[in-house]
K.L.:
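Take this structure first; my questions come after.
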There are 2 protein chains.
Amino acid sequence: MSDHQQRRTSPPSGHSGDALPPVEQHAQQYETVRNAHETELIEDYVELIGDLIRHRGEARAADIANRMAVSQATVSKMIRRLNELGLVTSKPYRSLFLTEEGQKMAETSRARHDIVLHFLRALGVDDSTARIDAEGMEHHVSDKTLTIMQRFTEQQIK
Amino acid sequence: MSDHQQRRTSPPSGHSGDALPPVEQHAQQYETVRNAHETELIEDYVELIGDLIRHRGEARAADIANRMAVSQATVSKMIRRLNELGLVTSKPYRSLFLTEEGQKMAETSRARHDIVLHFLRALGVDDSTARIDAEGMEHHVSDKTLTIMQRFTEQQIK
DNA sequence: GATAATTGTTAGCCAAGGCTAAACTGTTTG
DNA sequence: CAAACAGTTTAGCCTTGGCTAACAATTATC
């Protein structure tokens with residue numbers, strides 16, 4: 001427990017930066033990030049699968065591998081995991097489908113992704129930078145912030 | 001290679017969402033995110049160590065463990081890594097110091113963190129949400145976007 | 001100053017997400 | 001229709017970053 005207050009060698013002398021948040025809050029920040037990391041990749045795969053189905057009619061392992069810049073073996077393994085998680089259905093050597101739940105996740109992810117992407121563009125970020133940043137940021141933006149971003153984008157447009 | 005165009009089962013029928021980016025660009029997005037992940041944790045540790053030193057005069061493994069909500073064993077192991085990477089110096093059972101390079105990293109991370117945090121607040125996000133989101137987002141915001149965020153924040157203030 | 005409490009380290013485990021190489025399946029084509 | 005090729009899967013490896021349990025060192029306390 002201890003966050004031992006005693007004997008601080010030199011007091012803050014705050015030349016810049018905010019104070020440290022209280023331990024519990026600080027801990028929760030990191031925990032939230034760690035949790036996000038666990039679902040992040042899963043969501044990326046599901047989102048991409050959804051996009052591929054939407055845009056090309058099917059999702060094949062090879063395409064996923066190419067677009068993710070990852071080996072096919074990795075994709076194959078991941079698909080097994082998605083299967084176990086009940087997010088996709090797949091028969092060996094056949095192309096994939098999203099389950100009900102998978103579709104929901106894809107939908108949510110894509111919506112979030114779009115909000116962040118459009119927000120960044122509305123902010124004035126160039127397209128290719130916005131795409132890269134959005135890909136990384138999307139999993140770390142809370143619903144509250146998302147709402148604010150969306151409002152901002154709409155106001156910018158009209 | 002193939003991103004096989006032939007025989008798409010059903011054409012887009014784009015009811016929503018942008019088109020898929022070209023494969024190379026798409027791949028690069030994911031690669032950027034993966035790379036960010038590798039350095040992310042390292043940066044978080046270094047940043048926290050820097051903050052602890054700044055605010056309390058020293059960084060002890062127990063404090064790091066508490067603030068990260070992680071076991072002491074994990075911290076200990078991580079410190080060994082940071083050592084190997086030349087980011088901290090540490091003698092067993094003694095508190096840590098950042099190397100030149102570690103300080104630079106801490107500094108950069110903190111600056112980035114602050115920009116994102118202040119930006120979110122300027123956008124209208126409440127403090128505790130902003131803190132959580134900033135923690136996750138900071139590693140995925142490019143320098144370009146960072147600059148834009150900073151400008152935005154400044155304009156909001158005056 | 002001996003002992004208790006706190007802090008730090010080590011050993012050994014686990015899951016995730018990469019990889020390559022090799023085996024297998026399905027499809028195309030000579 | 002057999003062979004070649006493209007796509008998929010499996011096996012087995014590696015690194016990271018968690019964990020617990022056991023042990024070691026330091027610091028505090030009586």
Side-chain angles (χ1 to χ4, degrees), chain A residues 1-7 9 23 27 30-46 48-49 52 56 58-85 87-97 139, chain B residues 1-7 27 30-46 48-49 52 56 58-85 87-97 139:
Chain A
M1 294 295 112
S2 90
D3 203 43
H4 68 112
Q5 293 292 45
Q6 350 83 316
R7 190 190 32 109
T9 313
V23 212
Y30 288 114
E31 247 177 328
T32 304
V33 175
R34 266 200 306 280
N35 293 341
H37 277 168
E38 281 175 29
T39 45
E40 199 161 325
L41 234 209
I42 303 283
E43 285 176 6
D44 279 343
Y45 274 92
V46 170
L48 177 56
I49 291 169
L52 286 170
R56 340 176 62 91
E58 61 175 356
R60 321 189 83 245
D63 287 351
I64 300 173
N66 285 335
R67 294 206 166 252
M68 289 255 181
V70 127
S71 77
Q72 284 188 298
T74 298
V75 171
S76 199
K77 206 195 244 185
M78 200 59 181
I79 290 171
R80 204 183 330 151
R81 265 202 84 205
L82 297 179
N83 234 314
E84 285 160 10
L85 293 171
L87 295 165
V88 309
T89 56
S90 67
K91 302 199 185 82
Y93 299 96
R94 280 282 132 80
S95 79
L96 323 159
F97 299 92
H139 305 283
Chain B
M1 288 298 113
S2 89
D3 201 44
H4 69 114
Q5 293 291 42
Q6 349 81 318
R7 189 189 32 110
Y30 288 114
E31 245 178 329
T32 305
V33 175
R34 267 200 306 280
N35 292 341
H37 277 169
E38 281 176 26
T39 46
E40 200 162 328
L41 234 209
I42 303 283
E43 285 177 6
D44 279 344
Y45 273 92
V46 170
L48 177 55
I49 291 169
L52 286 171
R56 337 175 66 91
E58 61 175 357
R60 323 193 76 248
D63 287 351
I64 300 173
N66 285 335
R67 295 209 165 249
M68 289 255 182
V70 126
S71 77
Q72 283 189 277
T74 297
V75 171
S76 201
K77 207 194 243 187
M78 200 58 180
I79 289 172
R80 204 182 329 149
R81 265 203 83 203
L82 297 179
N83 235 310
E84 284 160 10
L85 293 171
L87 295 165
V88 310
T89 56
S90 68
K91 301 196 186 86
Y93 298 96
R94 281 283 131 81
S95 77
L96 323 160
F97 299 92
H139 305 283

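Order of the sequence lines sets the chain letters (A, B, ...), proteins ahead of strands, with each chain counted from 1.
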K.L.:
Not counting sequence neighbours, list each pair that qualifies as a side chain to side chain donor-acceptor pair (under 3.5 Å) and has a residue in residues 69-83 of chain B.
P.N.:
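Applying side chain to side chain donor-acceptor pair (under 3.5 Å) to every pair that reaches into residues 69-83 of chain B, excluding sequence neighbours, yields B:S71-B:T74, B:N83-B:S90.
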K.L.:
Is B:L52 close to B:L48 at the side-chain level, that is, under 4.5 Å between some pair of heavy atoms?
P.N.:
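They are in contact (side-chain heavy atoms under 4.5 Å apart), so the answer is yes.
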K.L.:
Measure CE/A:M68 against C1'/C:dG17 and give the value in whole Å, please.
P.N.:
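It works out to 12 Å between those atoms.
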K.L.:
What is the distance from CD of A:E40 to C1' of C:dG17, rounded to the nearest Å?
P.N.:
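About 13 Å, once rounded to whole Å.
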K.L.:
Just the rounded figure in Å: distance from C1' of D:dG7 to CZ of A:R94.
P.N.:
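Whole-Å distance recorded here is 12 Å.
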K.L.:
Determine: side-chain N/O of B:R34 to OP1/OP2 of C:dG17, distance under 4.0 Å, yes or no.
P.N.:
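No, no such contact exists.
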K.L.:
Using a cut-off of strictly less than 4.0 Å between a heavy atom of the residue and any atom of DNA chain C, enumerate the qualifying residues of residues 70-83 of chain A by number.
P.N.:
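When residues 70-83 of chain A is checked for heavy atoms under 4.0 Å from DNA chain C, the hits, listed by number, are A:V70, A:S71, A:A73, A:T74, A:K77, A:M78, A:R81.
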K.L.:
How many whole angstroms separate atom OH of A:Y93 from atom P of C:dC24?
P.N.:
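Roughly 9 Å, once rounded to whole Å.
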K.L.:
Find out whether B:L82 and B:I49 are in side-chain contact, i.e. whether some heavy atom of one side chain is under 4.5 Å from a heavy atom of the other.
P.N.:
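SC-SC contact between B:L82 and B:I49 confirmed.
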K.L.:
Would you say the side chain of B:E31 lies within less than 4.5 Å of the side chain of B:R34, judging by non-hydrogen atoms?
P.N.:
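In short, these two side chains touch, coming nearer than 4.5 Å.
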K.L.:
So, do A:V70 and A:M78 sit near enough that their side-chain heavy atoms are less than 4.5 Å apart?
P.N.:
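Result no, sub-4.5 Å side-chain heavy-atom pair not found.
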K.L.:
I need the A:Y30 OH to B:D44 CG distance, nearest 0.5 Å.
P.N.:
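A:Y30 atom OH to B:D44 atom CG measures 5.0 Å (nearest 0.5 Å).
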K.L.:
In this structure, how many angstroms lie between the C1' atom of C:dT6 and the CZ atom of B:R60, rounded?
P.N.:
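Going from B:R60 (CZ) to C:dT6 (C1'), I get 9 Å.
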K.L.:
Closer than 4.0 Å, any side-chain N/O of B:Y45 to the OP1 or OP2 of D:dG18?
P.N.:
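Yes.
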